[in-house]
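Structure record follows, encoded as structure tokens.
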Amino acid sequence: MTREGRLGRIERTTKETSVLVEIDLDGTGRTDIATGVGFYDHMLDQLGRHGLFDLTVKTDGDLHIDSHHTIEDTALALGAAFKQALGDKVGIYRFGNCTVPLDESLAEVTVDLSGRPYLVHTEPENMAPMIGEYDTTMTRHILESFVAQAQIALHVHVPYGRNAHHIVECQFKALARALRYASERDPRAAGILPSTKGAL
């Protein structure tokens, strides 16, 4: 990520994890992901590719315990990097939404890059508890962690679905597109902050 663009880079180290996230909002969808949790890597790859974000994620976590800290801390760093890359938000669309089907599952995602963290999240109950080493209850926590650091309002709704892999994946794909649409520059609003308050 050497070319000019809206870039974010966060390094986060604790006794539990060491995380590096780099993101270019004006990229082409190139990804380099390694968290040690295969399905999570797959989801972050979806985020980069469908958001057209160049995304690097390198996490070394305490997987000998479980995947919780690795997944959570990666999401926190990703949110912080996204916020950093957004910069002053001048000229962006600010709002974005996308509906994505994946076979029998459907995800509806709406985002406001508001500067105020808030999450509304619904998905089908009684999902399979695990996808490989990925705990399916972590999807909401990933979004909570990302929202807290990115400081955005995010609504994610999965009205129906059966297969756990599909239910989670369509959420990440729809999130990627909604973030892409919200963060893109509006040619009609160059130099304008999309807020009547004068701050985001």
Is there side-chain contact between [X] and [Y], with heavy atoms separated by less than 4.5 Å?
| X | Y | value |
| --- | --- | --- |
| Asn163 | Asp103 | no |
| Leu179 | Phe146 | yes |
| Thr31 | Asp54 | no |
| Lys83 | Leu86 | no |
| Cys98 | Val109 | no |
| Ile167 | Tyr160 | no |

Please tabulate, for the side chains in residues 187-200, all donor-acceptor contacts under 3.5 angstrom to protein atoms that are two or more places apart in sequence or on a different chain.
from   : atom 1 : to     : atom 2 : distance (Å)
Ser195 : OG     : Lys197 : N      : 3.1
Ser195 : OG     : Ala199 : O      : 3.2

message: Please enumerate all residues that pass side-chain contact (heavy atoms from CB on, under 4.5 Å) together with Thr122, with sequence neighbours excluded.
response: His157
If only atom types and distance count, is the side chain of [X] paired as donor or acceptor with the main-chain N or O of [Y] below 3.5 Å?
| X | Y | result |
| --- | --- | --- |
| Tyr118 | Ile152 | no |
| Ser114 | Arg116 | yes |
| Glu22 | Arg9 | no |

Pair Phe39 and His165, ring centroids less than 6.0 Å apart: yes
task: May I ask you to check whether Tyr93 and Tyr181 place their ring centres under 6.0 Å from each other?
output: no
message: What I want to find out is whether Arg6 reaches Asp24 closely enough, with some N-O distance under 4.0 Å, to be called a salt bridge.
response: no
field: Lys58 with Asp32: basic N within carboxylate O range, under 4.0 Å
entry: yes
message: Which heavy atom of Ser183 sits nearest to which heavy atom of Phe53, and what is that distance?
response: OG-CE2, 4.0 Å
Under a 3.5 Å threshold, yes or no: a donor from one side chain and an acceptor from the other, between [X] and [Y]?
| X | Y | result |
| --- | --- | --- |
| Thr17 | Asp73 | yes |
| Thr74 | Thr59 | yes |
| Glu144 | His121 | no |

message: Counting neighbours of CD on Gln151 that are heavy atoms of other residues, nucleotides or ligands and sit closer than 6.0 Å, is the number greater than 12?
response: yes
query: For residues 166-185, which residue pairs qualify under salt bridge (charged side-chain N to carboxylate O under 4.0 Å, His left out), counting only residues two or more places apart or in two chains?
result: Asp26-Arg185, Glu169-Lys173, Arg180-Glu184
